[in-house]
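Reviewing the structure listed below.
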Amino acid sequence: CFGGVRAFDHDGSEVSLRSRKHLGLLLYVAAHPRTTHGREELASLLWDGDGRKERHSLSQALYDIRSKLGPVLQVDANTVRLVPDRITYEAIEFESALLEFSAAVT
């Protein structure tokens, strides 16, 4: 990420998530917008501990994100994915602009 990381709701108000790991989860999923992530994978990526504790921490993070940002994530018993066109992630916009610029220059 370039500089600080901030999240905004659909009204443009800044949203404060409960922890940096919750923000990290949102960033990770947003950085892979076309990927369906396994809940186990995400839990073990961000939290240490036994599987049950990791899954509980993931559930709390998903609740925090969805309660503050709305339906930006599709969540079921086994997977998590970004809902298309519900979130803007500036790094992806930057990459797209860079690709367009590179194509125009060459």
At their closest point, which heavy atom of [X] faces which heavy atom of [Y], and how far apart are they?
X: Val83; Y: Pro71; result: CG2-O, 3.6 Å
X: Pro33; Y: Leu82; result: CB-CD2, 3.9 Å
X: Glu54; Y: Trp47; result: OE2-O, 2.9 Å

Run Val72 and Arg66 through side-chain contact (heavy atoms from CB on, under 4.5 Å) and show every step you take. CA-CA 7 Å; Val72 298; Arg66 294 171 78 196; 5.6 Å; no
Working to the nearest 0.5 angstrom, can you tell me the gap between [X] [atom1] and [Y] [atom2]?
X: Lys21; Y: Tyr28; atom1: NZ; atom2: OH; value: 15.0 Å
X: Arg81; Y: Asp76; atom1: CZ; atom2: CG; value: 10.5 Å
X: Gln74; Y: Leu62; atom1: CD; atom2: CG; value: 12.5 Å

Using modelled atom types only, decide if a donor and an acceptor are shared between the side chain of [X] and the backbone of [Y] within a distance under 3.5 Å.
X: Asp11; Y: Ser13; value: no
X: Ser44; Y: Glu41; value: yes
X: Arg34; Y: Pro84; value: no
X: Gln60; Y: Ser57; value: no

Just wondering, do Arg39 and Thr79 contact through their side chains at under 4.5 Å, heavy atoms?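 Side-chain contact under 4.5 Å: no.
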For Lys68, give me all partners under salt bridge (Lys or Arg N to Asp or Glu O under 4.0 Å), at least two apart in sequence or on another chain.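 Scan of Lys68 (salt bridge (Lys or Arg N to Asp or Glu O under 4.0 Å), adjacent residues dropped) gives Asp64.
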With sequence neighbours excluded, what pairs up with Glu40 under the salt bridge (Lys or Arg N to Asp or Glu O under 4.0 Å) test?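 Listed in chain order: Arg55.
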Against Ile65, only a single residue in Val80, Leu23, Leu17 fulfils side-chain contact (heavy atoms from CB on, under 4.5 Å); can you say which?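 Testing Ile65 for a side-chain contact (heavy atoms from CB on, under 4.5 Å) against Val80, Leu23, Leu17 leaves exactly one candidate, Leu17.
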